[in-house]
Amino acid sequence: MADASNNTEYDITIIGAGPGGYAAALYGGLKGVKIALVEKDRRLGGTCLLRGCIPSKAMLKTGELRLQMSHAEKYGLALKGDVSIDWESTVQRKDKVVDGLVNGLTGLMKSRKVDVIHGTGTITSPNTVTVDGREIRSRNIIIATGSGTLYPTDVPGGDLPNVITSDEVLDADLTLKRIPTMPESVIIVGGGTVGMEHASMFNAYGVKVTVVVTSPRALRLVDEEISRRFSMVVKNQGIEIITRTDVVRMEETGKGKGKRLMVTLRNADSGAEEVREVSHVFWAKGRFPYSQGVGLDKIGLQTTKRGFIEVDERMQTAVPGVYAIGDVVPGPMLAHVAMYEGEVAVDNILGHYRAADYGAVPDVIFTIPEIASVGMQESEAKERGIPVKVTKFNFAALGRAQAIGEPDGLVKMICDPGSGVILGMQILGAHASDVIAECTLAVQQGITAEELAHTIHAHPTMPEAVAETAFSQILGAPLHANR
Ligand code: FAD
């Protein structure tokens, strides 16, 4: 498809090979588009594959197993003694999982005839990306440069070696160099998704975990009832959550293996300070978009105050032919959103108009227990004055949940009271990350509670909880419980 007469080598040059960039390349490759994929890292995969979604879930799995084994007798298993974590083997397993997927992705690029170019890409004109002095000409450019981790540069002691982030825990090039042995105790600063997922993981490893959040509750973007119930469950697991508090300074004491961090916490309401001693501080106060140094100024593109690149519904920037997707654009910083946006951009580049639709974006928090949601929350409906009917179903009344020993959890369904159309769903509990798929389809397709309730659900399975909340919507009670 590339047009030699127009002096373009490629149809699309994609800058960044994270989920946004690699999905756009794979999708375009299937459609016969000639693509150059520029990546500054030595490996493909971006944040998600190299230091995010995948390595974090690989490490979490080890913790889940340990936690389950600590309740082995509940399942009739006679396990003697404590199941301890072998940190080095756990890290090596995580790296092996990532290696396999990176190799698979690299092979796929070859089979889709995508030219992978390693180096830092800078836009020098709407049709040119320069990589180490080499000019790559293309009809279109997709900026998929993603985001980076915020470090506590403005907090005294923020540069101490035992102050770590998800990069140090998860990136194969860093983990054992920066964290040679398992932390003994961690203060996690920030109660968002990354902070709480690591809280669950470290706690399941047997590490003493304290979470410090400035807001009145952890996971403040999650449905309030679900996040409060979650906080109770994790408190019972041994995680301490300190709210309305921030870290004001960190100091190092001791030497070698006895090295510790003295962390000063300050309460936002009373101003009272207290000092805690831990082996590590895990900083999880968010991420920033990678829009600096991409050459946006060369094509007259400006960013928002926070550095995001604004796009229209087709993912096109203010410069025709230049698109942007993923973490570098405003919106949820999620791998599946980045992938979706990559496909939308490619379709529009190919002349098939497609508008990005964010009405049904599933959001999963891989904590123990998991949290998943899609669509409207009860609080949002209240704020916007939208009348809704809310029904709930507790996992405790579900056969499968009892059979697998996971009765802590619930499903919430938010419907339009007139039509019965499902507007949103939230789940707390085991396998929420899988169960949300059905809910996403329901919200995306605008189906009603009645249609969902009358869909045959395999028994015994966790998605039956979704059907039960739908029965409550149409009959006033679930089928297999009183309320
Ligand atoms: P990125 O994945 O950040 O990729 C951007 C790529 O661009 C990088 O490889 C970078 O090296 C490259 N790049 C940047 N600038 C240039 C340049 N000038 N030239 C060449 N290359 C460049 N999301 C989920 O959906 N599910 C999860 O479970 C999940 N878990 C996460 C856990 C953690 C700890 C973290 C930090 C994030 C997690 N995320 C998760 C978020 C997810 O990783 C991101 O939303 C996703 O990676 C964004 O994809 P992207 O392609 O926009 O950017």
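Because the structure is predicted, anything quoted here is derived from the model rather than measured. Whatever order the structure lists them in is the order used to number ligands and atoms, beginning at 1.
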- Message: With a heavy-atom distance limit of 4.0 Å, tell me whether F366 approaches ligand 1 through its side chain, its backbone, both, or neither.
- Response: side chain
- Item | Sub-3.5 Å N/O-N/O distance, G293 and ligand 1 | no
- More than 12 heavy atoms of other residues, nucleotides or ligands under 6.0 Å from CD of Q302: is that the case? no
- Looking at ligand 1, does any of its N/O atoms fall within less than 3.5 Å of an N/O of G45? no
- Query: Around atom CZ of R306, are there more than 12 heavy atoms of other residues, nucleotides or ligands at under 6.0 Å?
  - Reply: no
- Query: What residue and heavy atom of the protein are closest to atom 7 (O) of ligand 1, and at what distance?
  - Reply: G16 CA, 3.1 Å
- Item | For K57, atoms of ligand 1 separated by under 4.0 Å from a heavy atom | 27 (C), 28 (O), 29 (C), 30 (N)
- Item | atom 2 (O) of ligand 1: the protein heavy-atom neighbour that sits closest, reported with distance to 0.1 Å | T47 N, 2.9 Å
- Item | Distance from atom 23 (N) of ligand 1 to nearest protein heavy atom, with residue and atom | A335 N, 3.3 Å
- Query: Which atoms of ligand 1 have any heavy atom of L170 under 4.0 Å away?
  - Reply: 34 (C)
- Item | E39-ligand 1 polar pair, N/O distance under 3.5 Å | yes
- Is the closest N or O pair between S56 and ligand 1 shorter than 3.5 Å? no
- Any heavy atom of I15 under 4.0 Å from ligand 1? The part involved is side chain
- Note on the structure: Min over G148, C48, A338 of heavy-atom distance to atom 43 (O) of ligand 1 lands on C48
- Could you list the atoms of ligand 1 found under 4.0 angstrom from a heavy atom of S166? 34 (C), 36 (C)
- Enumerated ligand 1 atoms positioned under 4.0 Å from heavy atoms of G326: 52 (O)
- Message: Nearest non-hydrogen contact with atom 40 (C) of ligand 1 belongs to which option: P55, C53, G195, P289?
- Response: C53
- Numbered in order shown, the ligand 1 atoms found under 4.0 Å of a heavy atom of V38 are 20 (C), 21 (N)
- Note on the structure: re atom 49 (O) of ligand 1, the protein heavy-atom contact at minimum distance is P19 CD, 3.3 Å
- Query: For ligand 1, which atoms, with element, lie under 4.0 Å from some heavy atom of G46?
  - Reply: 2 (O), 4 (O), 8 (C), 9 (O)
- Item | Protein heavy-atom partner closest to atom 36 (C) of ligand 1 - residue, atom, separation in Å | R287 NH1, 3.3 Å
- Message: Ring-plane angle category for W87 and F202, please: parallel below 30°, perpendicular beyond 60°, tilted otherwise.
- Response: parallel
- Do F395 and F393 have ring centroids that are under 6.0 Å from one another? no
- Item | Sub-4.0 Å atoms of ligand 1 with respect to non-hydrogen atoms of T120 | 18 (N), 19 (N)
- Query: For I325, is at least one N or O under 3.5 Å away from an N or O on ligand 1?
  - Reply: no
- Query: Would you say G121 and ligand 1 have an N/O pair spaced under 3.5 Å apart?
  - Reply: yes
- Could you tell me whether Y290 and ligand 1 have an N or O pair separated by under 3.5 Å? no
- Taking only Lys NZ, Arg NE, NH1 and NH2, and the carboxylate oxygens of Asp or Glu, determine whether D41 and R51 approach each other closer than 4.0 Å. yes
- Near G119 (heavy-atom distance under 4.0 Å), the atoms of ligand 1 are 19 (N), 20 (C)
- Based purely on interatomic distance, does R51 place a nitrogen or oxygen under 3.5 Å from a nitrogen or oxygen of ligand 1? no
